Amino acid sequence: KKPAIRFKGFTEDWEQRKVNEICSISTGKSNTQDKIDDGKYPFYVRSPIIERSNRYLYDEEAVLTVGDGVGTGKVFHYVNGKYDIHQRVYRLFDFSDDIDAKFFYHWFSENFYNRVMYMTAKTSVDSVRLEMIADMEITAPSYDEQKKISSYLDNFDNLITLHQRKYDKLVNVKKSMLEKMFPRDGKFVPDVRFSGFTEDWEQRKLGDVVGITSGFMGDSLLSDGKYHLTRIETIADGIVDENRVGYSNEKPDDMYLLKHGDILYSNINSISHMGKVAKYQGNSPLYHGINLLRLQPENNINSDFLLYLLNTEKCRNWAKTRANQAVSQASINQSLLTTQEIAISSFEEQKKIGDYFRNLDNLITLHQRKLEKLKNIKKSCLEKMFI
């Protein structure tokens, strides 16, 4: 009846009660069509996204959860003020004086999903019945300890939100600059470039500036083996993930051993994956396997520049529109890829652009890691601060 960790000064056992003993429960009355894009009040539907409405039906402190659909047991909102909700969103409100609504929000968000999965009626979608909430047992400490816990977790949420915003902002900056720092269709210079560079970019075919080769067949579907081979999943997240590789007990020829700066190109997979690229950083020996092409830039081509050029929407769309979909998986013929037209700047400008985007990616990765670390710390705290 006590959590693994707690704030100093609190020693009493926690008490167990049912949810319907500490608050009232109801569903909303509105439908999705009641939303208005620039509405005055928040309108909570069956989604993490908060819509807007020009009317409110409730003015209170409440905890909301989705009644059915893909967000069942996963989407929760805390609200304090005027709002409206969809008819399939549950509203928990009018909490007893000894229950802090924010504490309940954190506790309920952590525990309700497992209950839904255990009790749900298996129809076409998971759904929540009133008794699944009402009869759920909550174990809670004194009101003062609840406030301490909810304040601590709120601060964590604020930190997570702050880093999420920084991360999202950097991702959007990168997306915008990828379009502005490479020439658009019909242009010979980009919209934005570094000071001192004024020359037109040169139109070239991809096959003229890189060597393009296919990979080693091997036994790449083995779950383990002596030699590591790339496969489609290796670059699924836009990086060369050396934890997601294939294996072979047959030694590939050294010509298949990847070199630092080699670019892996997805030329067979789903359309959404088509044209995805990643640069090999040379962290450990890795051989070039099937289902990815290897692009090796010539001496006058900066590999980072080429990586981000191929990441532009223009190049990704080129790959998607030219992929052959007549087979089980979409694919781009290797010889066709050599004909793709690209614009190339001077090597000095290439390096400036490559360095800019590589540094931007490092910042994005830094915030992503901070974000993951904060989420993991919060998850650990939730497990240890509740019973």
Side-chain angles (χ1 to χ4, degrees), residues 70 164 167-168 170-172 174-175 178 206 210 212-225 227-248 252 256-297 303-304 306-325 327-334 337 340 357-358 360-369 371-373 375-376:
V70 294
Q164 184 69 59
Y167 171 80
D168 291 342
L170 287 169
V171 169
N172 288 331
K174 178 184 174 181
K175 181 179 179 181
L178 279 171
L206 185 61
V210 300
I212 304 177
T213 54
S214 55
F216 175 71
M217 295 290 287
D219 301 318
S220 59
L221 296 180
L222 292 178
S223 59
D224 198 2
Y227 304 101
H228 293 189
L229 302 172
T230 63
R231 57 179 183 171
I232 291 174
E233 293 80 5
T234 306
I235 67 167
D237 297 324
I239 60 170
V240 177
D241 187 344
E242 297 179 35
N243 294 313
R244 301 167 73 180
V245 296
Y247 301 91
S248 175
Y256 293 108
L257 190 63
L258 292 176
K259 298 177 182 178
H260 180 85
D262 285 353
I263 294 173
L264 296 171
Y265 184 100
S266 178
N267 72 312
I268 178 168
N269 205 331
S270 63
I271 284 294
S272 62
H273 201 274
M274 197 60 52
K276 183 171 286 188
V277 290
K279 177 186 169 185
Y280 177 63
Q281 305 289 348
N283 297 324
S284 61
L286 182 62
Y287 289 91
H288 176 207
I290 59 173
N291 294 339
L292 291 174
L293 294 177
R294 174 166 60 165
L295 279 55
Q296 295 178 294
S303 61
D304 283 324
L306 182 63
L307 173 73
Y308 295 109
L309 167 63
L310 293 173
N311 257 315
T312 61
E313 187 175 349
K314 175 182 174 181
C315 285
R316 288 297 303 277
N317 285 340
W318 183 93
K320 292 175 183 178
T321 56
R322 285 161 177 79
N324 176 13
Q325 299 182 56
V327 291
S328 58
Q329 285 186 312
S331 63
I332 295 178
N333 184 279
Q334 182 175 331
L337 184 59
Q340 181 178 7
F357 281 108
R358 188 179 67 253
L360 192 55
D361 267 348
N362 289 340
L363 272 176
I364 291 172
T365 300
L366 176 65
H367 282 289
Q368 186 178 32
R369 287 174 179 168
L371 194 57
E372 290 171 354
K373 184 177 180 180
K375 287 179 178 179
N376 288 334

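It should be emphasised that the depicted structure is a prediction, and the values quoted were computed from it without experimental measurement.
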Among all residues two or more places apart in sequence or in another chain, which pass the side chain to side chain contact (heavy atoms under 4.5 Å, CB included) test with [X]?
X    : result
T365 : R369
A319 : Y265, M274, I332
N269 : I232, S266, H273, Q329

Considering residues at least two apart in sequence or located in another chain, which fulfil the salt bridge (Lys or Arg N to Asp or Glu O under 4.0 Å) criterion with E233?
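Listed in chain order: R231.
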Identify the heavy atoms of [X] and [Y] that sit nearest to each other, and give their distance.
X    : Y    : result
G215 : I290 : O-CG2, 4.0 Å
A323 : A330 : CB-CB, 4.2 Å
L306 : P297 : CD2-CG, 4.0 Å

To the nearest 0.5 Å, what is the distance between [atom1] on [X] and [atom2] on [Y]?
X    : Y    : atom1 : atom2 : result
L229 : L286 : CG    : CG    : 7.5 Å
I239 : L264 : CD1   : CG    : 12.0 Å
D361 : L307 : CG    : CG    : 7.5 Å
D168 : N172 : CG    : CG    : 6.5 Å
I268 : L293 : CD1   : CG    : 9.5 Å

Set of side chain to side chain donor-acceptor pair (under 3.5 Å) partners for [X], sequence neighbours left out:
X    : answer
S272 : S270
Y287 : none
D304 : K279, R358
D237 : R244

What salt bridge (Lys or Arg N to Asp or Glu O under 4.0 Å) pairs are there with at least one residue in residues 264-276, not counting sequence neighbours?
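Matches after skipping sequence neighbours: none remain.
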Would you mind listing every salt bridge (Lys or Arg N to Asp or Glu O under 4.0 Å) that reaches into residues 259-271, with sequence neighbours excluded?
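Pairs touching residues 259-271 that pass the test: D262-R294.
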Pair H228 and Y247, ring centroids less than 6.0 Å apart
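Yes, close enough.
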Starting from the C-alpha separation in whole Å, work towards a yes-or-no answer on side-chain contact (heavy atoms from CB on, under 4.5 Å) for I235 and V277.
CA-CA 7 Å; I235 67 167; V277 290; 5.8 Å; no
Could you tell me whether a side-chain N or O of T230 sits under 3.5 Å from a main-chain N or O of G289, the two making a donor and an acceptor?
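Judged by distance alone, yes, a pair lies under 3.5 Å.
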Within the distance-only criterion (no hydrogens, no angle test), does the side chain of Q334 pair as donor or acceptor with the backbone N or O of I212 below 3.5 angstrom?
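Present.
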Partner residues of H288 under the ring-ring contact (aromatic ring centres under 6.0 Å, His included) criterion, sequence neighbours left out
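Applying ring-ring contact (aromatic ring centres under 6.0 Å, His included) to H288 gives none.
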Could I get the full list of ring-ring contact (aromatic ring centres under 6.0 Å, His included) partners for Y256, not counting sequence neighbours?
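F216.
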In terms of heavy-atom contacts, does CD of E372 have more than 12 from other residues, nucleotides or ligands at under 6.0 Å?
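Atom CD in E372 is packed in, count exceeds 12.
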So, do [X] and [Y] sit near enough that their side-chain heavy atoms are less than 4.5 Å apart?
X    : Y    : answer
Y167 : V171 : yes
N362 : L366 : no
Q281 : E242 : no

Let's go through L206 and L295 carefully: what are the C-alpha distance in whole Å and the side-chain angles of both, what is the deciding distance for side-chain contact (heavy atoms from CB on, under 4.5 Å) to 0.1 Å, and is it a yes or a no?
CA-CA 9 Å; L206 185 61; L295 279 55; 4.2 Å; yes
